[in-house]
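In what follows, a single structure is set out as structure tokens and then discussed.
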Amino acid sequence: NFWGTWCASCVEELPYFDALANEYADKASVLALHTLYESETADEYIAEHYPDTLMLFGLDANDYYTALGGTGTYPMTVVVNGDGIITARFDSSVTHEELIAAVEDALTN
């Protein structure tokens with residue numbers, strides 16, 4: 001998931017990824033890449049809201065975002081199966097149900 005603390009819909013959907021990381025801890029990894037834009041707020045936000053999360057956090061200088069087809073819209077979510085194949089991509093907010101369905105599809109395909 002590509003997100004930013006400055007992006008209201010990104011912050012709104014982040015709990016879905018946290019829940020996913022817990023629900024699928026033995027089957028999948030959740031990586032949340034914060035944009036470098038206003039990145040100074042990311043560590044503080046994560047420490048306050050997700051101190052015990054199983055999500056992995058990182059920073060992206062738009063390299064991965066662009067390589068995966070990002071065009072300037074946040075949030076963007078990419079689901080990759082165990083073979084490294086992109087099985088789903090969301091160029092806007094995702095619901096918890098959509099996220100679970102996409103992950104289940106990636107795990108079976």
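Heavy atoms only: backbone and side chains are in, while hydrogens, waters and symmetry mates are out.
- Counting all heavy atoms, side chain and backbone alike, V79 lies closest to A106 at CG1-CB, 3.6 Å.
- Looking at every heavy atom in both residues, A47 comes nearest to P51 through O-CB, 3.5 Å.
- Of the inter-residue distances, the one linking T71 atom OG1 with L68 atom CG reads 12.0 Å to the nearest 0.5 angstrom.
- With rounding to the nearest 0.5 Å, the separation of CG in N109 from OG1 in T87 is 7.5 Å.
- Side-chain contact between E13 and V94: present, with at least one pair of heavy atoms (C-beta onward) separated by less than 4.5 Å.
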Is there a side-chain contact (heavy atoms from CB on, under 4.5 Å) between Y74 and T35 once you walk through the steps?
CA-CA 9 Å; Y74 280 78; T35 174; 3.7 Å; yes
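- Proximity of V30 to L56: side-chain heavy atoms (C-beta onward) are nowhere separated by under 4.5 Å.
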Begin with the C-alpha distance, continue with both residues' side-chain angles, and end with the deciding distance and a verdict on side chain to side chain donor-acceptor pair (under 3.5 Å) for N1 and T77.
CA-CA 4 Å; N1 177 255; T77 300; 2.7 Å; yes
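- Residues F2 and Y64 keep their aromatic ring centres 6.0 Å or farther apart.
- Side chain of D60 to backbone of Y65: a donor-acceptor contact under 3.5 angstrom is found.
- For the residue pair Y24 and E104, a side-chain donor N or O sits within less than 3.5 Å of a side-chain acceptor on the partner.
- Distance CG/N22 to CG/L54: 4.5 Å, rounded to 0.5 Å.
- Linking Ile, Leu, Val, Met, Phe, Trp and Tyr whenever their side-chain heavy atoms come within less than 4.5 Å puts M55 and L20 in one cluster.
- Judged by distance alone, with hydrogens and angles left aside, the side-chain atoms of E98 form a donor-acceptor pair with the main-chain N or O of T95 at under 3.5 Å.
- The nearest pair of heavy atoms linking Y45 to T5 is CB-CG2, 3.6 Å.
- Taking the side chain as every heavy atom from C-beta outward, D18 and Y50 approach each other to under 4.5 Å.
- Considering only heavy atoms from C-beta on, V11 stays 4.5 Å or farther from W6 through its side chain.
- Between the side chain of N81 and the backbone N or O of D83 there is at least one donor-acceptor pair closer than 3.5 Å.
- Heavy atoms only, all atoms of each residue included: G70 and M76 are closest at CA-SD, 3.6 Å.
- Scanning all heavy atoms of the two residues, the minimum distance from I100 to E23 falls at CD1-OE1, 3.5 Å.
- A distance of 10.5 Å separates NE2 in H49 from CD1 in I46, rounded to the nearest 0.5 Å.
- For the residue pair H96 and A19, the shortest heavy atom distance occurs at NE2-CB, 4.0 Å.
- Here the two rings, on F17 and W3, have centers that are 6.0 Å apart or farther.
- Hydrophobic clustering of Ile, Leu, Val, Met, Phe, Trp and Tyr side chains at less than 4.5 Å, counting indirect connections, unites F90 with L107.
- Taking the side chain as every heavy atom from C-beta outward, P75 and C7 approach each other to under 4.5 Å.
- Within the 3.5 Å criterion, the main-chain N or O of A101 finds no donor-acceptor partner in the side chain of D105.
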